[in-house]
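Start at 1 and go down the list; that is how both ligands and their atoms are numbered. Note that the structure is a prediction, hence the values are computed from the model and not measured.
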Amino acid sequence: MKSQAKVVVIGGGVVGVAALYHLAKKGWGEDVVLLEKAELTSGSTWHAAGLLPLFNMSYSVGQIHKYSVELYQQLEQETGQSVGFSQVGNLRLAMNDDRMDEYYQYAATAKTIGINVRFLTPEDIAELWPLCNVDGLVGGIFHPDDGYIQPADLTQALARGARARGATIYRNTPVLAIEQATSGAWVVKTEKGDITCDHVISATGNYARKTGEMVGLDIPVMPVEHQYIVTEPHPELQRRKAEGLPEMGVLRESDGSWYLREENNGFILGPYEKGAPACYVDGPDPRAEYELFQEDIDRLEPHIEAAMNRVPAFGEVGIKQVYNGAIAYTPDGNPIIGPAWDVDNFWLSEGHSFGITAAGGAGWQLAEWIVEGEPTIDMLGVEPRRFGAYADKDYLIEKNEEAYAHVFIIHYPDEERPAARPLKTAPCYERMKARGAVFGQKFGWERPNFFATDGMPQEDDWSFRRSRWFEAIRKEVLNTTSNAGLLDMTAFAKCQVSGPGAEAFLDYFVANSLPRRVGGIGLCHALNKDGGIHSEFTIRRDADDSFYLVSAGALQRLDHDYLKKHMPRDGSVEFTQLTDDIGVLVLAGPRARQILQRVTDADLSNEAFPWLSARNIAVGGAAANAMRVNYVGELGWELHHPMDAQNPIFDALFEAGEEFGLKPFGIRAMDSMRLEKSYRMVGTEMSIEYSAYESAMDRFVKPDKGDFLGRDALLAWQERGANNMLVTLEVSGVDDADALGNNALFSDGEMIGRATGGGFGFRIGKSLALGMVRPELAAPGTRIDIEILGKNYAATVIPDSPFDPKNERLRDVNGAND
Ligand SMILES: Cc1cc2nc3c(=O)[nH]c(=O)nc-3n(C[C@H](O)[C@H](O)[C@H](O)COP(=O)(O)OP(=O)(O)OC[C@H]3O[C@@H](n4cnc5c(N)ncnc54)[C@H](O)[C@@H]3O)c2cc1C
């Protein structure tokens with residue numbers, strides 16, 4: 001057996017083999033090895049139904065699936081191994097208008113990434129699927145390029161393609177342990193010997209947590225039982241075949257939570273049942289191969305009934321076999337593809353619940369990332385570091401069962417799932433709840449999304465359109481802009497970077513200049529090595545050698561891991577995690593100074609406490625660091641305080657604020673206000689797919705300050721010319737729905753970009769969107785069209801920051817409230 005390799009892939013299911021194939025394709029064939037404990041496909045891959053659904057609401061997953069489907073069509077020609085690709089199309093049915101809205105919203109994403117879809121009326125459906133009863137349908141969406149494949153044949157074809165390029169596969173070779181040599185190299189241990197390598201890819205399906213344990217990682221993957229039924233042949237399907245009629249497409253009744261396709265003149269029915277249990281909670285038996293569980297017909301029954309109603313022929317045939325196998329899940333249902341946290345060169349491609357579909361794209365991006373140092377598409381939606389330490393075994397059991405049961409629910413943009421909540425709460429949680437807060441969850445934390453007032457029910461109202469909470473956030477915004485509002489941002493990710501090397505390191509790590517004075521604040525971006533934006537930090541200088549960094553709560557593990565992996569290893573820089581120690585209350589609005597002044601002796605005047613500065617002050621007797629910044633464009637302070645000081649501060653502010661009209665506001669009001677200021681967000685307006693200049697962050701990039709991470713690539717990108725430019729758009733003619741992001745943008749009928757976010761701006765009374773367009777169409781005044789839920793609306797490029805473009809309010813230039 002080889003003793004050296006650049007990469008060892010663990011796991012010979014479709015996902016591991018696809019990673020091996022792509023590494024070999026990148027020219028590393030002689031240096032890559034795959035270890036499989038039994039036979040290839042002996043995990044989940046062999047019993048998969050082989051469907052290749054392109055439909056996915058996530059931008060990252062959509063791109064990955066699209067790549068796979070294109071690749072799989074060429075594999076037979078390339079390798080000589082048939083993969084049994086039946087491109088029969090895929091038809092999803094809609095039984096209500098919200099479901100149609102979901103399809104329209106999805107179709108916008110599909111359009112912007114080049115996936116072909118068609119909308120169908122019930123009559124079209126009857127024509128395409130003559131055995132389908134169309135009663136109660138409002139329409140459907142059809143993917144003509146979709147279909148199904150033979151998973152084992154696909155895996156063998158990928159293995160053949162990898163071997164042809166020099167890659168080595170060892171079957172019957174379980175990995176027993178993984179150690180790290182002092183050089184940093186990985187040593188992968190098997191009974192047949194050890195392999196020393198630079199990189200390890202874990203693609204071990206249901207064993208993900210066991211593999212993670214070998215290197216001290218708590219992997220957020222837990223399988224759930226999944227069943228499908230294969231029936232006896234049906235005479236009607238036999239007749240259609242005998243007459244040479246085409247096979248009918250894969251049929252999905254989302255509202256009944258099942259799919260159906262033809263198989264050997266019979267049917268395969270695959271339901272996503274409620275109550276399907278998590279399995280292998282302590283890992284499968286190390287000797288398990290081709291393992292199936294006892295079927296559970298009771299759980300299948302409601303779906304069988306729904307399918308019989310929709311396709312009566314299905315009820316006319318007997319069941320031949322039921323497959324009940326383990327399907328890997330993560331808490332949000334998307335896989336984890338990319339680097340692990342805390343360890344170097346350890347890669348994860350795990351948690352695949354649509355692994356046959358995702359394998360090709362996952363392998364492609366992993367190979368890019370490992371060989372070239374960066375992925376080529378925005379992988380945030382599948383980023384392994386999007387979960388945190390809170391995702392422990394008990395959490396995974398609850399959340400993954402929920403994710404499975406939710407596969408076919410309507411994926412509302414404002415959906416918040418209930419399982420395993422509340423998990424982490426800020427001290428002011430109960431106080432916010434008493435004021436009407438309706439919470440959402442980010443990275444385990446409960447955060448008020450909005451406040452139910454004036455008798456409205458204290459519950460969410462999900463929709464693709466303006467729903468009940470639209471009026472609630474109008475009130476929150478208007479109160480914040482005319483009086484003052486208080487927002488809980490305790491979920492922010494916080495850390496301290498200190499030590500003699502801290503300044504030099506951070507100066508290299510981010511593109512902006514660091515704040516020079518103690519108490520100074522700067523908005524700083526860490527680029528990736530290609531010049532795209534990876535992370536955004538608000539950095540406060542606390543001392544010559546100490547900095548406090550704040551970033552998005554949802555990205556805590558990602559941002560902190562990125563930072564730590566770039567830190568020098570000579571002990572000159574120290575990282576301290578502060579998220580759980582420090583709470584954040586944001587006080588914003590024209591009366592913020594008057595309120596805060598009531599509870600502090602500190603001088604809050606513009607002269608003593610200007611915008612973008614921070615001071616340690618006492619608030620109602622409790623210590624806080626007040627930072628004069630916010631994300632809503634009003635005069636205000638973020639109060640960062642020890643967690644146990646939160647309620648005293650909260651109470652003091654509300655007591656003092658009563659006469660000034662202080663009221664709480666939530667994340668959705670914040671999002672509306674940030675749109676009016678054209679403030680960008682990582683993951684939408686800023687991503688690795690856009691250069692920092694394309695995201696129009698010029699004023700935060702200082703190419704003349706000296707070298708920084710991604711600088712040369714950024715300048716080279718600028719030299720080559722931008723492909724995109726971020727614009728703010730005013731959308732006309734909408735009355736019940738705003739852009740949600742991923743909307744296609746058109747000029748003269750041609751697609752010229754995509755909206756990255758959108759919503760209603762209550763302070764300016766306009767529907768707004770942010771978007772990326774071709775640079776020649778970025779000038780204010782340019783007319784373009786935007787597609788929202790299937791309809792085109794006129795939109796106009798307007799100058800950035802339509803609300804208070806000169807920042808007079810947050811700088812409080814008139815000092816009206818001194
Ligand atoms: C009933 C059912 C139907 C499904 N239908 C579909 C479908 O229609 N479409 C779709 O896209 N997906 C479907 N799936 C999901 C799909 O099967 C999985 O997403 C996919 O097979 C995952 O592939 P994988 O390579 O990650 O995992 P696996 O196929 O499980 O491979 C992991 C491999 O790692 C090996 N391994 C583990 N530990 C070690 C170790 N220590 N050393 C060496 N080797 C190790 C295992 O032996 C195994 O072969 C279905 C799943 C089920 C259960």
Participant: Provide, to 0.1 Å, the distance between atom 34 (O) of ligand 1 and the closest protein heavy atom, together with that atom's residue and name.
Facilitator: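 Going by distance alone, atom 34 (O) of ligand 1 is nearest to G11 CA, 3.2 Å.
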Participant: Atom 43 (C) of ligand 1: which protein heavy atom is closest, and how many Å away?
Facilitator: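 That would be K37 N, 3.2 Å.
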Participant: Using 30° and 60° as the class limits, which term best fits the ring planes of Y67 and H22: parallel, tilted or perpendicular?
Facilitator: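 Plane angle between 30° and 60°, so tilted.
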Participant: List every atom of ligand 1 that sits less than 4.0 Å from any heavy atom of L35, numbering the atoms from 1 in the order shown and giving each element.
Facilitator: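 In order of numbering, the contacting atoms are 43 (C), 44 (N).
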Participant: Should the pair R385 and W341 be classed as cation-pi, given the thresholds of under 6.0 Å to the six-membered ring centre and 45° from the axis?
Facilitator: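 Judged by the rule, R385 and W341 form no cation-pi pair.
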Participant: Find all atoms of ligand 1 within a distance of less than 4.0 Å from any non-hydrogen atom belonging to G13, and give their numbers and elements.
Facilitator: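 Atoms satisfying the 4.0 Å criterion: 25 (O), 29 (O), 31 (O), 33 (C).
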Participant: Numbering the atoms of ligand 1 from 1, which are under 4.0 Å from a heavy atom of G325?
Facilitator: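 Here the atoms of ligand 1 in question are 53 (C).
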Participant: Below 4.5 Å, heavy atoms only, C-beta onward: do T376 and Q365 meet side chain to side chain?
Facilitator: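 With C-beta onward as the side chain, the pair touches.
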Participant: Using 30° and 60° as the class limits, which term best fits the ring planes of F267 and W129: parallel, tilted or perpendicular?
Facilitator: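 F267 vs W129 ring planes: parallel.
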Participant: Are any of the side-chain heavy atoms of I410 and E415 separated by less than 4.5 Å?
Facilitator: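 Not touching, per the 4.5 Å side-chain cut-off.
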Participant: At what distance is the nearest protein heavy atom to atom 13 (C) of ligand 1, and which residue and atom is it?
Facilitator: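 The closest one turns out to be A48 CB, 3.7 Å.
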Participant: Is there side-chain contact between I195 and Q4, with heavy atoms separated by less than 4.5 Å?
Facilitator: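 I195 vs Q4: side chains apart.
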Participant: At less than 4.0 angstrom from any non-hydrogen atom of H352, what atoms of ligand 1 do you find?
Facilitator: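 It comes down to these atoms of ligand 1: 18 (C), 19 (O).
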Participant: Using the rule given for ring-ring contact (aromatic ring centres under 6.0 Å, His included), can you reason through Y404 versus Y329, listing the C-alpha separation, both sets of side-chain angles and the distance that settles it, and then say yes or no?
Facilitator: CA-CA 7 Å; Y404 176 82; Y329 261 85; 5.8 Å; yes
Participant: So which bit of A358 gets within less than 4.0 Å of ligand 1, heavy atoms only: side chain, backbone, both or neither?
Facilitator: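 Within the 4.0 Å criterion, A358 makes no contact with ligand 1.
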Participant: Are any of the N/O atoms in A49 less than 3.5 Å from those in ligand 1?
Facilitator: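 Among all N and O atoms of A49, at least one is under 3.5 Å from an N or O of ligand 1.
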Participant: Among all protein heavy atoms in this structure, tell me which lies nearest to atom 27 (O) of ligand 1, with the distance rounded to 0.1 Å.
Facilitator: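 Looking at atom 27 (O) of ligand 1, the protein heavy atom closest to it is G205 CA, 3.6 Å.
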Participant: Considering only heavy atoms of G50, which atoms of ligand 1 have at least one such atom less than 4.0 Å away?
Facilitator: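 So the answer, numbered in order with elements, is 7 (C), 8 (O).
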Participant: Evaluate salt bridge (Lys or Arg N to Asp or Glu O under 4.0 Å) for E402 paired with R417, printing each intermediate quantity in order.
Facilitator: CA-CA 8 Å; E402 177 189 61; R417 296 186 181 180; 5.1 Å; no
Participant: Less than 4.0 Å between a side-chain N and a carboxylate O, is that true for K189 and D194?
Facilitator: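 Yes, this pair counts.
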Participant: Looking only at protein heavy atoms, identify the closest one to atom 35 (C) of ligand 1 and say how far it is in Å.
Facilitator: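 For this ligand atom, the closest protein heavy atom is E36 OE1, 3.2 Å.
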Participant: Looking only at protein heavy atoms, which one is nearest to atom 30 (O) of ligand 1, and how far off is it?
Facilitator: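 For atom 30 (O) of ligand 1, the nearest protein heavy atom is S44 N, 2.8 Å.
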Participant: Between P53 and ligand 1, find which residue part has any heavy-atom pair under 4.0 Å and reply side chain, backbone, both or neither.
Facilitator: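 It is neither; nothing of P53 touches ligand 1.
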Participant: Any nitrogen or oxygen of V14, side chain or backbone, less than 3.5 Å from one on ligand 1?
Facilitator: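 N/O-N/O distance under 3.5 Å: yes.
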Participant: Which atoms from ligand 1 have a heavy atom of L51 less than 4.0 Å away?
Facilitator: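 Listed by number with element: 7 (C), 8 (O), 9 (N), 10 (C), 11 (O).
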Participant: Tell me whether Y272 contacts the main-chain N or O of Y259 through its side chain, where contact means a donor paired with an acceptor under 3.5 Å.
Facilitator: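 Side chain of Y272 to backbone of Y259, a donor-acceptor pair under 3.5 Å: no, none is there.
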Participant: Is the shortest heavy-atom distance from the side chain of L51 to the side chain of R252 under 4.5 Å?
Facilitator: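 They are in side-chain contact.
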Participant: What's the shortest distance from atom 2 (C) of ligand 1 to any protein heavy atom, and which residue and atom give it?
Facilitator: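 Looking only at protein heavy atoms, the one closest to atom 2 (C) of ligand 1 is H226 CD2, 3.4 Å.
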Participant: Looking at ligand 1, does T211 have a heavy atom less than 4.0 Å from it?
Facilitator: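 Checking ligand 1 against T211, which is what was asked, there is no heavy-atom contact under 4.0 Å.
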Participant: Any side-chain heavy atom of I319 sitting closer than 4.5 Å to one from E232?
Facilitator: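 Contact flag for I319/E232 side chains = no.
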Participant: Test of understanding: given a 4.0 Å heavy-atom threshold, classify the contact between Y323 and ligand 1 as side chain, backbone, both, or neither.
Facilitator: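 Near ligand 1, Y323 shows nothing, with every heavy atom at 4.0 Å or more.
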Participant: Only heavy atoms count here, so choose which of A326, A362, G355 is nearest to atom 20 (C) of ligand 1.
Facilitator: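 Heavy atom nearest to atom 20 (C) of ligand 1 belongs to G355.
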Participant: Can you check which of L292, V224, T45, V250 brings a heavy atom nearest to atom 23 (O) of ligand 1?
Facilitator: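 Ranked by closest heavy atom to atom 23 (O) of ligand 1, first place is T45.
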Participant: Hey, does I336 have a side-chain heavy atom less than 4.5 Å from the side chain of P220?
Facilitator: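 A side-chain contact exists here, since the closest heavy-atom pair is under 4.5 Å.
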Participant: Show me which atoms of ligand 1 lie under 4.0 Å from any heavy atom of Y228.
Facilitator: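 Near Y228, meaning under 4.0 Å from one of its heavy atoms, ligand 1 has 1 (C), 3 (C).
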Participant: Just go through I10, V15, V221 and tell me whose heavy atom is the nearest to atom 24 (P) of ligand 1.
Facilitator: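 Closest candidate by heavy-atom distance is V15.
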Participant: Heavy-atom contacts with G12 under 4.0 Å: which atoms of ligand 1 show up? List them by number with element.
Facilitator: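 Taking each heavy atom of G12 in turn, ligand 1 has 33 (C), 34 (O) under 4.0 Å.
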Participant: What protein heavy atom is closest to atom 11 (O) of ligand 1, reported as residue, atom name and distance in Å?
Facilitator: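 Checking every protein heavy atom, the shortest distance to atom 11 (O) of ligand 1 gives T357 OG1, 2.8 Å.
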Participant: Does the pair R165/E78 count as a salt bridge with the N-to-O cut at 4.0 Å?
Facilitator: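 Counted as a salt bridge, because a side-chain N and a carboxylate O are separated by less than 4.0 Å.
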Participant: Ring centres under 6.0 Å, that's the criterion: do Y106 and F55 meet it?
Facilitator: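 When the ring centroids of Y106 and F55 are compared, they turn out to be within the sub-6.0 Å range.
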